[in-house]
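Data block below; observations after.
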Amino acid sequence: MIKPDGVHRGLVGDVIKRFEQRGYKLVGIKVLVPSRELAAKHYAEHDGKPFFPKLVDFLSSGAVVAMVFEGKDIVRTGRTMVGATNPLASSPGTLRGDYGIDVGRNVIHGSDSVESAMREIALWFKADELADYTPAW
Ligand code: CMP
């Protein structure tokens, strides 16, 4: 998911391009301004941490682009492409390493496990919003 800072800075195209050029298949995408309730559900595992209220405020502060990609080892490889949570610790060449210095405004969220991905996809998408198709090649 491209967070409000990434959308505001015009980084949507670059994020999608990186996943597409790697060979991942885009099967779901939507633009929305998340409610505080949706943002809190998305970050439920962080509820109670000192930064949780700001996290919810920030995610619901503007438009986000929620996406579902499919492909070999997408969760693990996707995390590598996204980079470390703290952009200061992210390698150049990763999205966060190329575009951020602030842990709160770190451009993009990537599911950290297959289980998280399943939960997050169900939270952000209805089943009929995910395309079932075979690439032409
Ligand atoms: P994300 O991968 O979306 O998952 C949880 C988010 O919490 C993380 O990216 C950061 O944006 C945010 N986060 C983690 N640690 C901190 C922190 N110490 N202060 C503020 N935000 C944080």
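Scope of the values below: all heavy atoms of this structure, side chains included, with no hydrogens, waters or symmetry mates. Note that this is a predicted model, so its numbers are computed, not measured. By convention here, the first residue in the shown sequence is residue 1. Indexing begins at 1, ligand by ligand and atom by atom, following the structure's order.
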Please round to the nearest 0.5 Å and tell me the distance separating atom CG of L59 and atom CE of M1.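 Rounded to the nearest 0.5 Å, the CG-CE separation comes out at 4.5 Å.
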Rounded to the nearest 0.5 Å, what separation is found between the OG atom of S90 and the CD1 atom of I101?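 Going from the OG atom of S90 to the CD1 atom of I101 covers 12.0 Å.
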Salt bridge (charged side-chain N to carboxylate O under 4.0 Å, His left out) against D132, all qualifying residues, sequence neighbours excluded: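 If we apply the salt bridge (charged side-chain N to carboxylate O under 4.0 Å, His left out) test to D132, skipping adjacent residues, there are no hits.
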The criterion is salt bridge (charged side-chain N to carboxylate O under 4.0 Å, His left out); which residues satisfy it with E37, sequence neighbours excluded?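 E37 satisfies salt bridge (charged side-chain N to carboxylate O under 4.0 Å, His left out) with K41 once adjacent residues are dropped.
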Applying ring pair (Phe, Tyr, Trp, His ring centres under 6.0 Å), can you list everything that pairs with F69, at least two apart in sequence or on another chain?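 By the ring pair (Phe, Tyr, Trp, His ring centres under 6.0 Å) rule, F69 matches F19.
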Shell of residues surrounding ligand 1, defined by a 4.0 angstrom heavy-atom cut-off that is strict: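 For ligand 1, the contacting residues are K3, Y43, H46, F51, L55, T85, R96, V103, G104, N106, H109.
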Looking only at side chains, do S116 and S113 share a donor and an acceptor under 3.5 Å apart?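 Side chains of S116 and S113: pair found under 3.5 Å.
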